[in-house]
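Quick notes on the structure that follows.
Given the structure is predicted, the values throughout are model-derived calculations rather than measurements. Here is how names work: the chains are called A, B, and so on, in the same order as the sequence lines, proteins then strands, and each is numbered from 1.
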Amino acid sequence: MNTPESEPEHVDFIRKIINDDISSGKNDGKVVTRFPPEPNGYLHIGHAKSICLNFGIAAENNGVCHLRFDDTNPEKEDTEYVESIMDDVRWLGFDWGSNLFYASDYFEQLYDWAVQLIKAGKAYVCDLTFDEVREYRGGWNKEGKDSPYRDRSVEENLDLFARMRAGEFKDGEKSLRAKIDMNSSNMNLRDPAMYRIRHQHHHRTGDTWCIYPNYDWAHGQSDSLEGITHSICTLEFEDHRPLYDWYVESLGIHHPQQIEFARLNVTHTLTSKRKLLQLVEGGHVSGWDDPRMPTISGLRRRGYPADAVRDFCAHTGVTKFNGMTELALLELYVRGSLNKTASRAMAILDPLKVVIENYPDDESEMRQAHNNPEDENAGIREMPFGRELYIERADFMEDAPKKFFRLTVGREVRLKNAFFLKCNEVIKDDAGEIIELRCTYDPETSGGKAPDGRKVKGTIHWVSAKHAVDAEVRMYDVLFPEEKAGSAPEGVDWLETLNPSSLIVKNAKVEPSLVGAEVGSSYQFERTGYFCVDKDSSVDSLVFNQTVGLKSGYKPPEKKA
RNA sequence: UGCCCGAUAGUGUAAUGGUAGCACCCCGGUUUUUGGUACCGUUAGUCUAGGUUCGAGUCCUAGUCGGGUAACCA
């Protein structure tokens, strides 16, 4: 018990349950979990947490985690989604091995089990219309009424159900319902639907079925069939658990344990499939993989490393408390991962020309730069330096305050990996806009230090104007300025709460070594942030996405009124 | 309005009934050829009221607040 180097290793309540089950010998000590998405959309950050939980728990306990497509509703499902979901799970770093399943593979078994329930007098064919069913069900404070078809004989039910399957009835004309309790305080138990008639093509079973099982009827039985031991889902299914239990117990089959945890909510981030779809269809974003989208494919295109997403999920905790995790936590892990792996590069997002008056007109030289100060093995690269440079506009200021450690007239700064630079004169256009800085450099400071020992407070980055390459840089901000994304005050369309400047495109000047950078690769633009090469990039036109900015300890001086 | 679930620093998350801890954010400092990283530090918490107990964040009762829930969706 007293582990020698006992870290305060905290286990969440789900892992606690599972540990207890293992030590008590339940399920022969085995652990089988599952991730059961419906293939009707793209996976998002919320799914990532569920994936990490289910695959993580299985791996920790020498168990397996199944990937199962919950494809019981042909109206909304498609193989396109099946593919993207598999892609996303793999990208996240998980492997289901041979454990790939589809609820639709169980349609025949489910049908047989439904027959079994009918024979046991626990299910019946109901002729009530959709609206009538709702009316008969009653409400929270309204008693339910038994369906007039509730007491049909087993024989009649069997016959009718067979004919439902055979396609004798139109959509919605009949349904198969479980006979439970029309006055239960839990609405899910007021004779829930097991089958509905849908003459609809299914992406896997084609046209062999015209009746399809509902979620509750399909899910627990699929779990049971696969030998799932712990069926982990989100809180909104808590009220479904009694029904889940009722079905497996009525059937007398293996009984997996359903455990619910709180869905992941992230500030400024939307996880409603419906609203996400509206963003895409309304053209508010460029697609499901728009770098501003919380989809896994969006995060990937944005440049978020998979290990950062995993770390984030692992550190948000597993509880039944419905909270809101700050986006800052995700960004912490993104920066942490990228800091160790991303090559550094110099890029000027808002170029301001600098002319070094004492540097020979037609000369240039190569300067050496570390690819990654965090990684000795990352090596060194060379970048050209010359008489004309670009620096960031924000790195120069007239009438700068004392705390401004960058360039201003008469003050000296260090050009990273190069020399000390002093500004002598500011050139403006007719509109008073600064268009050029006339400067001098000190050739003696080539090592970045002055032989006479004088110091500079700031170091800024630069690119050689003559050698720099143009690049499109897409700067992203949150889609929703409000912490609770997608919520709007009464009478206001939630789409109006969209951040109008969530995307800003810059025409940047970047160092020439970036030419040919591979799509998807990440860089740290020094002093600016992390960026990755977008798929829109080509050999002659570079396109970068800002993944996340660097943390900045610098507070811009107070604006003078 | 019924039922179910929840409530610990600003945020998220720990604590066999026995010293309320950790991380993020914020703020400050040291180091630094990135105002980055790393390191150090400051601020700040058990929803309320009763009860059980030597002792309650933890157990009980009531209340308050928050979330979920009435599809032939999942």
Side-chain angles (χ1 to χ4, degrees), chain A residues 8-12 36-38 40-41 70-73 75-77 103 126 128-130 133-134 137-142 144 171-177 184-188 190 192-198 211-216 218-219 233-242 260 262-263 265 267 273 315-333 335-336 339-340 344 346 369-370 373-374 403-406 413-418 420 445 447-449 456-461 483 524-530 549-555:
Chain A
E9 185 91 10
H10 302 130
V11 281
D12 57 71
E38 182 188 14
N40 70 343
D70 218 340
D71 54 353
T72 58
N73 184 1
E75 288 176 12
K76 311 199 253 175
E77 296 155 8
C126 183
L128 255 26
T129 64
F130 182 90
V133 167
R134 179 155 33 85
R137 184 160 31 239
W140 288 325
N141 262 340
K142 241 177 49 206
D171 286 9
E173 214 172 297
K174 287 183 168 28
S175 63
L176 185 73
R177 298 223 263 159
S184 172
S185 56
N186 182 342
M187 289 296 157
N188 292 117
R190 317 253 267 221
M194 295 168 65
Y195 276 95
R196 71 281 208 176
I197 301 174
R198 282 296 115 86
I211 58 173
Y212 292 94
N214 286 79
Y215 166 83
D216 290 292
H219 201 96
C233 61
T234 42
L235 246 30
E236 68 268 27
F237 292 102
E238 261 177 330
D239 288 346
H240 290 245
R241 188 173 359 115
E260 311 87 10
R263 185 183 279 287
N265 296 305
T267 56
K273 259 188 196 176
H315 286 86
T316 51
V318 180
T319 64
K320 302 187 78 154
F321 174 67
N322 237 305
M324 179 84 82
T325 301
E326 286 173 345
L327 185 59
L329 192 66
L330 212 205
E331 295 184 335
L332 170 84
Y333 293 109
R335 290 195 191 96
N339 180 44
K340 293 190 217 89
R344 313 287 123 129
M346 301 246 218
H370 284 98
E374 304 293 313
K403 285 295 193 52
F404 187 79
F405 300 152
R406 309 174 186 186
V413 293
R414 173 167 38 230
L415 292 171
K416 173 114 180 159
N417 302 315
F420 282 12
T445 56
K449 289 195 169 64
V456 289
K457 294 287 270 190
T459 301
I460 66 172
H461 57 113
E483 286 209 333
Q524 184 198 91
F525 289 173
E526 288 203 67
R527 301 209 305 131
T528 305
Y530 294 97
L550 249 30
K551 265 185 79 168
S552 174
Y554 172 64
K555 309 278 173 301

Categorize [X] for me: base, sugar-phosphate, or nothing, with a 4.0 angstrom heavy-atom threshold over every strand shown.
| X | result |
| --- | --- |
| A:Pro242 | nothing |
| A:Phe237 | base |
| A:Leu128 | base |
| A:His219 | nothing |

Atom-pair distance ([atom1] on [X]; [atom2] on [N]), nearest Å:
| X | N | atom1 | atom2 | result |
| --- | --- | --- | --- | --- |
| A:Met194 | B:C73 | CE | P | 14 Å |
| A:Asp216 | B:A74 | CG | P | 8 Å |
| A:Arg137 | B:A70 | CZ | C1' | 7 Å |
| A:Asp171 | B:C73 | CG | P | 10 Å |
| A:Asp239 | B:C3 | CG | P | 12 Å |
| A:Lys142 | B:A70 | NZ | C1' | 10 Å |
| A:Glu75 | B:A71 | CD | P | 16 Å |
| A:Tyr195 | B:A71 | OH | C1' | 18 Å |

Can you check the distance between [N] and [M], where both ends of the measurement are the [atom1] atom (answer in whole Å)?
| N | M | atom1 | answer |
| --- | --- | --- | --- |
| B:A14 | B:G45 | C1' | 13 Å |
| B:C59 | B:G17 | P | 8 Å |
| B:C47 | B:A56 | C1' | 16 Å |
| B:C40 | B:U46 | P | 28 Å |
| B:U42 | B:G21 | P | 13 Å |
| B:A49 | B:U64 | P | 15 Å |
| B:U69 | B:A74 | C1' | 14 Å |
| B:U61 | B:A23 | P | 36 Å |

Is the ring centre of A:Trp140 under 5.5 Å from the base ring centre of B:G2, and are the two planes under 30° apart, so that they stack?
-> yes
Taking A:Arg335 for the side chain and A:Gly529 for the main chain, is one N or O donor matched with an acceptor at less than 3.5 Å?
-> no
Without swapping roles, check the side chain of A:Thr72 against the backbone of A:Tyr215 for a donor-acceptor pair under 3.5 Å.
-> no
Kindly write out the residues that satisfy salt bridge (charged side-chain N to carboxylate O under 4.0 Å, His left out) with [X], not counting sequence neighbours, or none if the list is empty.
| X | result |
| --- | --- |
| A:Asp171 | none |
| A:Glu38 | none |
| A:Glu236 | A:Arg263 |
| A:Arg527 | A:Asp395 |

A:Asn40 vs A:Gly139, nearer the 5' end of RNA chain B by closest nucleotide = A:Gly139
Verify the contact: side-chain N or O of A:Arg196 to OP1 or OP2 of B:C73, cut-off strictly under 4.0 Å; return yes or no.
-> yes
B:G67 phosphate, OP1 or OP2, under 4.0 Å from A:Arg263 side-chain N/O | no
What residues, two or more places apart in sequence or in another chain, satisfy side-chain contact (heavy atoms from CB on, under 4.5 Å) together with [X]?
| X | result |
| --- | --- |
| A:Pro242 | A:Asn186, A:Leu189 |
| A:Asn339 | A:Arg344, A:Glu374, A:Gln524, A:Tyr530 |
| A:Arg414 | A:Phe420, A:Val456, A:Thr459 |

Closest of B:C25, B:C72, B:A71 to the A:Ser175 side chain is B:C72
Going 5' to 3' along nucleotides 26-39 of chain B, which nucleotides have protein heavy atoms under 4.0 Å from the base (write B), which only from the sugar-phosphate (write S), and which from neither (write -)?
-> SS-----BBBBS--
How would nucleotides 6-13 of chain B be written as a contact map, 5' to 3', with B for base contact, S for sugar-phosphate-only contact and - for no contact, using protein heavy atoms under 4.0 Å?
-> SS--BSSS
Can you establish whether the number of heavy atoms outside A:Lys320 located under 6.0 Å from its atom NZ is more than 12?
-> yes
Contiguous Watson-Crick or G-U pair runs (3 or more, under 3.5 Å) in RNA chain B = B:2-7 with B:64-69, B:10-13 with B:21-24, B:27-30 with B:38-41, B:47-51 with B:59-63
A:Pro213 and A:Arg196 have their tightest heavy-atom pair at O-NH1, 2.7 Å
Counterpart residues, side-chain hydrogen bond (donor to acceptor under 3.5 Å, both in side chains), relative to A:Asn214 (two or more places apart) = none
What pairs with A:Thr325 under side-chain hydrogen bond (donor to acceptor under 3.5 Å, both in side chains), at least two apart in sequence or on another chain?
-> none
Can a donor-acceptor pair under 3.5 Å be found between the side-chain atoms of A:Arg177 and the base atoms of B:C72?
-> no
Just do the ring pair (Phe, Tyr, Trp, His ring centres under 6.0 Å) check on A:His315 and A:Tyr333 with the steps written out, would you?
-> CA-CA 10 Å; A:His315 286 86; A:Tyr333 293 109; 5.0 Å; yes
